[in-house]
Protein chains: 2
Amino acid sequence: MKDVAQHAGVSTATVSRVLNGHAAPTPETRERVLAAIEELGYRPNALARSLRTTSTQTLGLVISDLLNPFFAEIARAVEDEARSHGYCVVIGNADESAEQEATYVRTLLDRRVDGLLLCPATDDPSLVREVSAGGVPLVLLDRTVRGATCPVVRADGSEALTALARRLVGAGHSRIGVIAGPPDTSTGRERSDVFTGALGGAAQIVHGDFRQESGSQAAAKLIDDGVTALVAMDNLMGLGALGEIKARGLRIPHDIAIAVFDDQPWFPLLDPPITVIAQPTVEMGRAAARSLLALIDGQQPDDVRLSAKLVLRGSCGEAEL
Amino acid sequence: MKDVAQHAGVSTATVSRVLNGHAAPTPETRERVLAAIEELGYRPNALARSLRTTSTQTLGLVISDLLNPFFAEIARAVEDEARSHGYCVVIGNADESAEQEATYVRTLLDRRVDGLLLCPATDDPSLVREVSAGGVPLVLLDRTVRGATCPVVRADGSEALTALARRLVGAGHSRIGVIAGPPDTSTGRERSDVFTGALGGAAQIVHGDFRQESGSQAAAKLIDDGVTALVAMDNLMGLGALGEIKARGLRIPHDIAIAVFDDQPWFPLLDPPITVIAQPTVEMGRAAARSLLALIDGQQPDDVRLSAKLVLRGSCGEAEL
DNA sequence: TTGTACGCGTTATCAG
DNA sequence: CTGATAACGCGTACAA
């Protein structure tokens, strides 16, 4: 910057003013500064700028698992929305580990992100408290924690899950297996609670960890137990369950019905296509980003609940109804 | 930091020394400082630290498309490797747009990442030159650019593609359709060049853009032209092609054979399972991170070429051979 | 071993 | 409209 100033025959202050679009500088000096910048290939140091302004124009996003397409979609939506407001997003991948999540959150805070978007790995509120204590704007995404005091953006699957339960019961299923998420996550508990509630308690539940492998194992256990329908509460566990079904040579929906929470582009390719509960991922990501930006702006955004939708495709025997 | 110093009855210099694990401070003063840090919940400002040390312990990764599982896997591998070396990764999503790619690269440079990993959207070398001119360590990943002078890490699909070509010809296919990537990307060109070369020129090529929609359109065109086999040079275009095949009610491999570049966890679930050319994504990501760290360390890492492997599953009529 | 003082690259205040 | 100058939070030579 000093070089640029010298080159243009002005002070660094003036260079700064040109850079920040202040009204002050004469068109003529502005021209000279711009020319010098161009010639020297000068680029301002964002670190120094942030140190001075205490604003990084950056949002932190800590997600549970980058390899889970559901979160990848959310990440992309967050990024789109943020960019359209002049913000950058730094993504941290917690890999469904509370420890790694905490590490990332602290790293992002140390780098002074202007706000934080968090998909909590567990419903333990301690990390959330830590962030709040630091006074950093925080929004929870997809999952919540016990006694959360910050805005939460998530999908509401109640209606869809209830409809699905009715559908399965109506199709004559009396032994239904639920492949649920971890009991210490809000989505892991709520989805299976709502579903089994609608079922009237006639379900068998196995908890997985939102990963493919756990879906296979849970499916194996439930099939051995004689269920005639399987509901996977996450796309990765659904993938695992489908693999187990295929490995056993079972036919869908004749031998076993299946539905999956989260839609994926390849579900319609299977035979029969898979019935799913689709979450509005893009809207969730965008809404979360907007809420966080509002919070940063000093406003008090409300919680957001977007509803998930049941998409019937045939894997629950819909065609036969 | 001043607060901590006061609280512990020392100078900020001593606090700094404790923070950075210098040998100097007495165990006793160290103890006091640590206590003060704990009590005040002090966290060092990474911005200020980086400004002073000119090192951010951060790697930039600009990828073509976060929603493409291939890149998501790479991103995760890069992150794992980087973290194990004490580095953090900032991911930028270029969305297959050269413009957005350039924006992200500049943003990352402005934030003074210690090095940059780039999956170039096109083979135009100008952006790469710009980075190199800035003296920032740079490694190209998956794709290269014309006249690249920096280390490149990528998969070599020649052997697998040649084997696939032989297989298809051996199975009696004489009209083979290739769904290639954009001609202005190295992977878009090379894969179809190698494949059609091995075929002896008897292929019809349609270029897509590494996205699902373009895969459907390309497949439609090629099927209309009467091909009996389809090879998609990327998993997303493969997804699109499979959708088009399903929509037309064609049977694989009887009516049409298909193979896809990139493996995906759901390919084995289809009936028949899809034959693929699998890239070593994890190793690519890790190798790229290692190369970049070596470069940052002042070494001169060589290019890395990992070989992709043909995985026969049945969608090219292997069972009938 | 510890403290003082300077500088990293910016922005903002205050004179002029 | 422009130019000194202080300050952002930290690391480090230098002196004590």
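Just so it is clear: chains get the letters A, B, ... in the order the sequence lines come, proteins before strands, and each one is counted from 1.
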Undergrad: Would you call B:Asp142 and B:Arg154 a salt bridge, taking side-chain N to carboxylate O under 4.0 Å as the test?
TA: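 Salt bridge between B:Asp142 and B:Arg154, a charged N being under 4.0 Å from a carboxylate O: no.
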Undergrad: Residues from residues 23-33 of chain A sitting under 4.0 Å of DNA chain C, heavy atoms only?
TA: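 Output list: empty, so none.
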Undergrad: Apply the test side chain to side chain donor-acceptor pair (under 3.5 Å) to residues A:Ser126 and A:Asp124: give CA-CA distance (whole Å), side-chain angles for both, the deciding distance (0.1 Å), then the verdict.
TA: CA-CA 6 Å; A:Ser126 58; A:Asp124 179 349; 3.1 Å; yes
Undergrad: What string of B, S and - do you get for nucleotides 6-16 of chain C, 5' to 3', when a contact is any protein heavy atom under 4.0 Å?
TA: -BBBBBBB---
Undergrad: Roughly how bent is the helix from C:dT1-D:dA16 to C:dG16-D:dC1 end to end, in steps of 10 degrees, with each end axis from five pairs?
TA: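 Between the first-five-pair axis and the last-five-pair axis there is 40°.
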Undergrad: Can you confirm whether B:Val131 sits close enough to B:Val105 that some side-chain heavy atom of one is under 4.5 Å from a side-chain heavy atom of the other?
TA: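 Yes, side chains in contact.
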Undergrad: Sorted by first residue and then second, give each salt bridge (Lys or Arg N to Asp or Glu O under 4.0 Å) pair with at least one member in residues 91-118 of chain A; sequence neighbours left out.
TA: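 Counting only pairs at least two positions apart or across chains, the salt bridge (Lys or Arg N to Asp or Glu O under 4.0 Å) contacts touching residues 91-118 of chain A are A:Asp95-A:Arg211, A:Asp95-B:Arg76, A:Glu96-A:Arg143, A:Arg106-A:Glu130, A:Asp110-B:Arg43.
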Undergrad: Once side chain to side chain donor-acceptor pair (under 3.5 Å) is applied, do any residues pair with A:Gln299, and if so which ones, sequence neighbours excluded?
TA: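 Listed in chain order: A:Asp297.
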Undergrad: With side chains defined as the heavy atoms from C-beta onward, is the minimum distance between A:Leu118 and A:Val139 less than 4.5 Å?
TA: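 SC-SC contact between A:Leu118 and A:Val139 ruled out.
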Undergrad: Which residue in the set B:Asn93, B:Leu66, B:Val89, B:Val90 passes side-chain contact (heavy atoms from CB on, under 4.5 Å) when paired with A:Ile91?
TA: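 Single side-chain contact (heavy atoms from CB on, under 4.5 Å) partner of A:Ile91 among B:Asn93, B:Leu66, B:Val89, B:Val90: B:Leu66.
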Undergrad: Side chain to side chain donor-acceptor pair (under 3.5 Å) with A:Tyr87: which of A:Glu81, A:Gln57, A:Glu79?
TA: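 Running side chain to side chain donor-acceptor pair (under 3.5 Å) over A:Glu81, A:Gln57, A:Glu79 with A:Tyr87 returns exactly one hit, A:Gln57.
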Undergrad: Report the C-alpha distance between A:Thr144 and A:Asp123 in whole Å, list the side-chain angles of each, state the deciding distance to 0.1 Å, and finish with yes or no for side chain to side chain contact (heavy atoms under 4.5 Å, CB included).
TA: CA-CA 6 Å; A:Thr144 185; A:Asp123 53 10; over 6 Å; no
Undergrad: Applying side chain to side chain donor-acceptor pair (under 3.5 Å), can you list everything that pairs with A:Asp65, at least two apart in sequence or on another chain?
TA: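 None.
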